[in-house]
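Below: the structure, in structure tokens.
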Amino acid sequence: MKTLLPGIIAMAALVVASNILVNHPLGAYLTWGALTYPFCFLVNDVINRLEGKRAARIVVLAGFVVGLACSVVAAQVPGLTTLRIAFASLTAFALGQLLDITIFDRLRRAAWWRAPLVATLFGSTLDSVVFFTLAFAGALSFLEPGNDVSWAGEIGPLLGFGPAVPYWISLGVADWAVKFAIALFGLLPFRLIIAKLAQPVAESF
């Protein structure tokens with residue numbers, strides 16, 4: 001498992017970077033963290049292809065632990081994060097990454113591009129749905145009653161020009177669109193990395 005440690009380091013670095021950059025807005029619907037976080041799926045898929053699903057789960061676990069540590073640190077800074085957002089972030093990360101691993105493994109023997117593309121699209125879609133619903137949906141305000149997220153429920157046109165929806169829906173759609181674009185872009189580095197490092201994958205479980 002010569003690529004496992006680099007995979008853990010890459011995943012940890014992306015999680016830390018995303019937790020920092022998420023505090024810096026990029027336009028009305030995104031943060032800079034939206035540009036780094038999707039690459040977690042690329043790291044996951046590369047390790048899955050090279051080392052198998054068991055190694056990919058270890059990398060995801062490392063990312064989860066680092067994310068938890070980031071949330072604990074951020075919670076010490078007033079106004080930086082909330083328990084609800086931390087819970088949403090960690091839950092979305094775990095579910096999205098694990099779904100990615102499962103789908104990738106089932107498509108492992110398909111065309112080289114199918115497993116990373118389909119797994120990333122499904123995993124990142126679940127990630128966005130879970131995070132934005134748990135973090136901002138008004139119906140789930142009981143998760144942290146003292147955290148006022150009413151601003152996220154304000155009604156407006158989707159992404160500024162579509163049908164009227166709560167603001168958090170626009171945030172989620174914009175986030176998903178970036179993940180979709182990076183999933184397509186990520187096929188090139190995935191192909192190059194695998195071509196350079198590919199080796200037979202041991203039986204995983």
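Treat the numbers as computed from the prediction; the structure is a model and nothing was measured.
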Could you list the residues that satisfy side chain to side chain contact (heavy atoms under 4.5 Å, CB included) with T125, not counting sequence neighbours?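 Scan of T125 (side chain to side chain contact (heavy atoms under 4.5 Å, CB included), adjacent residues dropped) gives V129, W176.
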When rounded to the nearest 0.5 angstrom, what distance separates [atom1] in [X] from [atom2] in [Y]?
X	Y	atom1	atom2	answer
L126	L121	CG	CG	12.5 Å
F104	Q97	CZ	CD	12.5 Å
I101	N44	CD1	CG	4.5 Å
T82	N147	OG1	CG	4.0 Å
L90	C70	CG	SG	9.5 Å
N48	K53	CG	NZ	9.0 Å

Have D45 and T120 got a donor and an acceptor in their side chains that come within less than 3.5 Å?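 Result is yes, a qualifying pair exists.
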Donor-acceptor check, side chain of [X] to backbone of [Y], threshold 3.5 angstrom: yes or no?
X	Y	answer
S141	A137	no
S18	Y37	yes
T91	F87	yes
D127	G123	no
R49	R108	yes
E154	S150	no
R84	A135	yes

Has Y167 got more than 12 heavy atoms of other residues, nucleotides or ligands less than 6.0 Å from its OH?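 Enclosed: over 12 neighbouring heavy atoms sit under 6.0 Å from OH of Y167.
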Contact check, side chains of [X] and [Y], non-hydrogen atoms, under 4.5 Å:
X	Y	result
F131	F136	yes
F122	D100	no
T81	S71	no
L21	T31	no
V15	C40	yes
V165	I155	no

May I ask you to establish whether R191 and W113 are in a cation-pi arrangement, using a distance under 6.0 Å from NZ or CZ to the six-membered ring centre and at most 45° from the ring axis?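 Not flagged: R191 not positioned over aromatic ring of W113.
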For [X] against [Y], the heavy-atom pair lying closest together:
X	Y	value
P157	S170	O-OG, 3.8 Å
S128	D175	OG-OD2, 2.7 Å
A62	I8	CB-CG2, 3.7 Å

Does one hydrophobic cluster hold both L107 and F190, with members joined at side-chain heavy-atom distances below 4.5 Å?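 L107 and F190: separate clusters.
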If two hydrophobic side chains count as joined below 4.5 Å and joins carry through other members, does L171 share a cluster with V178?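 L171 does not cluster with V178.
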Are F39 and V43 close enough, and set up right, to give a side-chain contact (heavy atoms from CB on, under 4.5 Å), and what steps lead you there? CA-CA 6 Å; F39 286 97; V43 172; 5.6 Å; no
Among V22, I20, L26, N23, exactly one meets side chain to side chain contact (heavy atoms under 4.5 Å, CB included) together with W32. Which residue is that?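 Exactly one pass, corresponding to L26.
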Please name the residue in the list V46, L42, I194 that meets the side chain to side chain contact (heavy atoms under 4.5 Å, CB included) test with P189.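 In the set V46, L42, I194, the residue that makes a side chain to side chain contact (heavy atoms under 4.5 Å, CB included) with P189 is L42.
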